[in-house]
Amino acid sequence: MIQLLFSVLGLEVALVLVLLFKTPLRKVAILGLDRLKRGRGPVMVKTVAATVMVVLGSSGYSIFKIHDRSNEMGQLTPTDQVLASRHLLEASLMGYSLFLALVIDRLHHYIRELRSLRKSMEVATKLNRAMEDAKSGSIESQEKEITGLKEEIEKLKSQLHTKEEEVKSAEASSVALRKQSEGLLLEYDRLLEDNQHLRSQIQSIDLKLSHSDGNKKDT
């Protein structure tokens with residue numbers, strides 16, 4: 001019994017040391033503990049722990065009876081001393097074994113929690129980087145878009161300036177054409193007046209000629 005308890009205690013101490021330091025063996029130990037906590041593993045562990053607790057209580061009760069008997073007799077016999085020492089050693093080993101089992105369980109739990117926290121932190125860091133990259137990309141795209149819009153505005157301004165020059169030249173041409181048409185109209189009016197004057201002169205000449213012809217016929 002004592003050799004078994006020493007063996008269990010040694011294994012538990014080794015397992016605690018493996019869990020405390022980051023080595024390749026820790027992954028194997030964590031996988032083993034994960035499998036132990038699945039299925040019927042927790043029931044078996046609870047059964048073993050309950051059995052150890054019962055044996056521990058029995059050893060404590062035996063130690064109490066031996067001390068009670070020694071109080072009645074006045075001193076311990078060699079046999080009682082050996083039995084008391086044996087029960088005390090067994091009880092101490094079982095107590096340490098239960099304590100180390102609890103330490104192993106808590107270490108395993110905290111290591112799993114730490115791993116999940118690290119994974120969530122990595123995911124959050126990746127998301128943050130992705131968001132920052134997206135923001136920087138959107139800012140760059142917006143800057144490119146703004147630059148393109150500025151270039152488009154400059155092109156439109158140059159086109160507007162060209163159109164304004166064309167409009168000014170067209171207005172100047174229309175003014176010149178208007179003045180030219182006004183001059184042509186004046187010239188046309190003058191020609192009409194000259195035409196009327198010439199017609200009146202021709203008519204007067206025709207009348208004179210017809211009058212002279214009549215006089216010749218009378219003579």
Side-chain angles (χ1 to χ4, degrees), residues 1-140:
M1 182 70 177
I2 293 176
Q3 292 180 355
L4 179 62
L5 289 174
F6 270 116
S7 300
V8 171
L9 194 63
L11 289 174
E12 287 178 341
V13 171
L15 188 56
V16 168
L17 292 175
V18 168
L19 291 174
L20 286 175
F21 299 100
K22 190 176 181 180
T23 58
L25 292 175
R26 186 164 76 172
K27 293 182 179 179
V28 178
I30 290 172
L31 289 175
L33 291 172
D34 288 338
R35 291 182 180 179
L36 184 62
K37 290 184 177 182
R38 294 173 186 171
R40 296 182 180 179
V43 178
M44 294 175 62
V45 171
K46 289 178 181 179
T47 303
V48 172
T51 304
V52 172
M53 288 292 292
V54 170
V55 175
L56 179 61
S58 176
S59 298
Y61 181 71
S62 298
I63 294 171
F64 177 75
K65 284 182 66 177
I66 290 171
H67 281 286
D68 190 23
R69 189 166 55 247
S70 67
N71 290 329
E72 291 178 358
M73 295 176 61
Q75 62 179 358
L76 288 174
T77 62
T79 304
D80 288 337
Q81 289 180 358
V82 172
L83 289 174
S85 300
R86 184 181 180 85
H87 287 306
L88 182 61
L89 180 60
E90 289 179 353
S92 300
L93 292 175
M94 285 186 284
Y96 289 136
S97 178
L98 290 174
F99 175 73
L100 288 177
L102 181 62
V103 170
I104 290 168
D105 179 67
R106 291 296 90 193
L107 281 174
H108 175 256
H109 175 72
Y110 291 134
I111 289 170
R112 297 293 297 177
E113 288 290 329
L114 183 61
R115 282 189 175 183
S116 64
L117 287 174
R118 284 179 179 175
K119 288 181 180 179
S120 59
M121 284 293 293
E122 288 177 358
V123 172
T125 304
K126 289 180 180 179
L127 287 174
N128 191 16
R129 287 179 181 175
M131 290 177 68
E132 288 179 355
D133 293 338
K135 285 182 180 179
S136 62
S138 63
I139 291 171
E140 290 178 358

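Heavy-atom basis, side chains included; hydrogens, waters and symmetry copies ignored.
- Atoms CG and CG, from Leu9 and Leu4 in turn, are 11.0 Å apart once rounded to the nearest 0.5 Å.
- Note: Leu19 CG to His108 NE2 = 8.0 Å, rounded to the nearest 0.5 Å.
- Checked by atom type and distance alone, the side chain of Thr47 pairs as donor or acceptor with a backbone atom of Val43 at under 3.5 Å.
- Here the shortest heavy-atom pairing between Met94 and Ser59 reads CE-OG, 3.6 Å.
- Atom CZ of Arg118 sits about 12.5 Å away from atom OG1 of Thr125, to the nearest 0.5 Å.
- Annotation: side chain of Ile111 is in contact with side chain of Arg26 (closest heavy-atom distance under 4.5 Å).
- Leu20 pairs in a side chain to side chain contact (heavy atoms under 4.5 Å, CB included) with only one of the listed residues (Thr23, Val18, Val16), which is Val16.
- Rounding to the nearest 0.5 Å places CE of Met53 at 14.5 Å from NZ of Lys46.
- Closest heavy-atom contact between Ser97 and Val8: OG-CG1, 3.6 Å.
- Atoms CG and CG, on Leu11 and Leu100 in that order, are 11.0 Å from each other to the nearest 0.5 Å.
- Rounded to the nearest 0.5 angstrom, Glu122 CD and Arg129 CZ are separated by 9.5 Å.
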